[in-house]
Amino acid sequence: MKKESIFKWTVLLLITIVVSCKSKDTKQDSEKNTVIVQVYNSEAVTQLEKGYVQYNLKKEKVLSRPMQIFLFTFNSEKILNTELVELLKKSDLVKEAQLNRNVISRN
Amino acid sequence: MKKLLFLILFFTVIQVHAQEPNFVRNEVLVKLANDVRGEMLMQEASTIQITGATLISRPMNIWLLQLDPSSMSEGEAVTTLYDNPNVLIAQKNHIVKSRATPNDPLFGDQWQYFQDNDKDIDADEAWDVTTGGTTMNGDVIVASVLDDGIDLNHEDFEDNLWTNEAEIPDNDIDDDNNNYVDDYKGWSIVTDDDDIAGGSHGTPVAGIVGAKGNNEIGVTGVNWDVKVMVIKNDFNTNEAAVIEAYSYALEARMLYNSTAGAEGAFVVSTNASWGVDFGNPDDAPLWCALYDTLGENGILSCGATINDNQDVDVIGDLPTACPSEYLITVTNTDITDNKVLFAGYGAETIDLGAPGAGAYNTALGNTYAGFGGTSGATPHVTGTIALLYSAPCQNFADIVANDPAAAARFVRDFILQGVDPNESLEGITTTGGRLNVNNAVQLLMDNCETLAINDQEANPDLVKLYPNPSQGLITISHPRNAAIAKLKLYSMDGKLINEYKDISNQTFDVTSLSKGMYVVHVVFEGETTIHNKVLVKD
C-alpha cells in the first residue's frame, strides 16, 4: 500500500473517531449526584425525601418557584442518576424529572 | 442682462425652497385634557373644520387632527385650537427626517447593521421607526441576558443595564419581597446575590442586545435604548443553573403582569448563547417546558444552536431542538451573508440565521472587538424582539397589556416572516432566511391597524351582551366570579371608540354611538385574556 493511501486512511479513521466521540450519549455529561424534579405541590418535597431516604434524596435548592422545580442531591453510589430519574417519574408526587446535564457556551 | 437673469433665478430658487413646508399639510397634533376625545373637537361648533381625529398616544391623550384644506392654515388652526380649554398643547405635524445612523464612532465597523452591498440586517432603516426604550404605554422594555456576567465598568452601557429600583442594594434584606435578597443589579446564580461582574462572553452578548446607541461612544446595540437584565451563570454550567436563571426573568415578568406594571420587570426576551451539543429534548422535559411558561407570560426566548456543521433535526440539540412556539432558534451567518460552515442547521428546528462571525461590539475590559459563533448571532434576534416592542403602534401596545402571550407570538411571526431569503439557509432552516430587523418592524407597523381586534382569543359562550342589536343601554352577563376590569369599544377597523371605566352595574350605554357594528373588548380582573363580542348599534 502506498504511503499516500495509508495517510488517507489514517485521516479518515481519525475523523471517524472524533465524530464518534462528539456524538456520544449526552447522558454521560451530567452531574452524577443531582437530579431536577418538578412536583405538583411544595409539600411533595418533604414526602419525596422521606420516600427515597434509602438514596439519601435531599432538596438542594429551588430552581423555579412558579413551576415548582427543585434540585435534589442523592447518593450516587446507591443508585445511578438515570435510574433515579425513571423511578421519580413513576411517583404520583412528581410531575416531571430529568438529569442535570452540563451546558457549554457557544462561540 | 445675464446678471439680471441670475438674480431672478437665485431668488426663484430661494422662494421655492422657502415654500417647502417642514410639516404635513392639513394636519395638526393636539394634547387634550383627560377624558376629552378628538371626535369631540370635530363635533364642536368652531371656525376650524376638522375632518378626522386619530389617537396617537393613549397615555398622553395626543390626537392627530385632519383639517379641511379650505378652512384655514395649519398655523392659524394651532392658534385657534389654543382658545379651546380642552386643548392643552397644539402644534403642526412636523416632518421628521432620518437620523438612522448613530454617532457612535465605531459604528462603521458594525458590518452586521449596514453594508453598502446590503448584506446586513437593515438595523439602520429600522431605527428610522424606533430605537428602543419603552412601549407606547410606557412599559420600560427589558431584555434578559443569561450569561457569564458583564463588564460593569464598560463605558458603552451607560443606563442601558437594568437595575431593580425596588431593592436597596447590599442591606441583606429582600426589600421588594420577590424572594431574592439584594437583587439590585440583576442576579447571580453563582453567588446568590447581584454580583454580576465578569463577562468575557456576556459583555459582547449584552452589547449586541443593547450597548447604548447614539451616545458618541464606541458602538451601538440593536437597541439604542433598552434595559439589559443580566443574570449571571458561570457557563459552562449545568441544566439546574439554566432553569434557575430563567426563573429569575420569569418571576420578574409574572410580577409585572400581575401588578399591572407596579412591580417586577417588563422582560420581553431572553438570550441563551449556550447549550448542550447533541442534547435530546426528550431528556430535558423541564428545561424545554420553561419556554412555554415564559411565552405564556409574554417572554420570547432565543437559543443559539451548535457551532458545528450538523443537522439538528437529526443529531438533537438543547435548547434549539426544544419544540416550544415561544423559542426562536438561531444559526450563524458571516459578513458575506452566508451560513458559517461550522454552524448548525435544521429544516424543522432552526428558524433563521443572524450575523455572528465577527459581529463587532463591546468586549470585556472596556474594549470593542468582533464576537463570533452562534453566540454572537443569537443576541441580534433577542435585541430585535425588544426593539419591536417599542414600535409606535398603540394597538400593539394594548395587546401587550391585555394578552402578553399573543403579543409575543405576533413579534415572533413578524421576525420570522421578515427574514431576507438567503440561499445558504434555504431548505435547512424553517424560514430559509437571515434576520432583517427593518422588515420585522415594518411588518408590525403595516399590521398595526388590524392588530387591534383580530386574532384575539375569545370564548363565545362566556360573555353575553343584551339586547344586541341595541340603541341604548346594554347589559353584560357572564358566569365569572370576577369583576370586569376593562371594557373597551372598537370600530371594526380597530379604532378605539370608547372606554367604559365604571361598569360596576354590568351595563354600559351606547346611545351616543353611530349606527353600525362594533367590537367590545372585555377583560376580567386578574386575567389577561380578552373576550371580544360583536355589538350592533341600531
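Residue numbers begin at 1 in each chain, while the letters A, B, ... track the order of the sequences.
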Can you tell if the side chain of A:Val103 reaches within under 4.5 Å of the side chain of B:Trp287, non-hydrogen atoms only? yes
A:Glu96 versus chain B, the contacting section by heavy-atom distance below 4.5 Å: both
Whatever's closer than 4.5 Å to a heavy atom in chain B on A:Val37 counts as backbone
Pairwise side-chain contact, B:Ser247 with A:Pro66, heavy-atom cut-off 4.5 Å (strictly under): yes
Is A:Ile104 close to B:Asp277 at the side-chain level, that is, under 4.5 Å between some pair of heavy atoms? yes
Please identify, among B:Leu318, B:Thr305, B:Leu250, the residue contributing the most non-hydrogen atom pairs under 4.5 Å to chain A. B:Thr305
Less than 4.5 Å to any heavy atom of chain B: does that hold for the side chain of A:Val62, its backbone, both, or neither? backbone
Between CD on residue B:Glu244 and NZ on residue A:Lys61, distance to nearest 0.5 Å: 3.5 Å
Check each of B:Thr293, B:Ile243, B:Leu286 against A:Met67 using the side chain to side chain contact (heavy atoms under 4.5 Å, CB included) test, and report the only one that passes. B:Thr293
Honestly, the part of B:Ala289 sitting under 4.5 Å from a heavy atom of chain A is both
When you measure from the centre of the six-membered ring of B:Tyr180, is the NZ or CZ of A:Arg65 closer than 6.0 Å and no more than 45° off the axis? yes
In Å and rounded to the nearest 0.5 Å, what is the OG to CG distance from A:Ser105 to B:Asn233? 11.5 Å
Within a radius of less than 6.0 Å around CG of A:Asn41, do more than 12 heavy atoms belonging to other residues, nucleotides or ligands occur? yes
Could you look at A:Ile69 and say if it's the side chain, the backbone, both or neither that has a heavy atom under 4.5 Å from chain B? side chain
To the nearest 0.5 Å, atom OG of A:Ser64 lies from atom CD of B:Glu251 at 6.5 Å
Can A:Arg106 and B:Asp308 be said to form a salt bridge (Lys or Arg N to Asp or Glu O under 4.0 Å), step by step? CA-CA 10 Å; A:Arg106 291 201 141 154; B:Asp308 201 354; over 6 Å; no
What part of B:Tyr246 gets closer than 4.5 Å to chain A, counting heavy atoms only: side chain, backbone, both or neither? neither
Checking A:Asn102 side chain against B:Asn238 main chain: does a donor-acceptor pair fall under 3.5 Å? no
Non-hydrogen atoms of chain A under 4.5 Å away: do they reach the side chain of B:Asp192, the backbone, both or neither? side chain
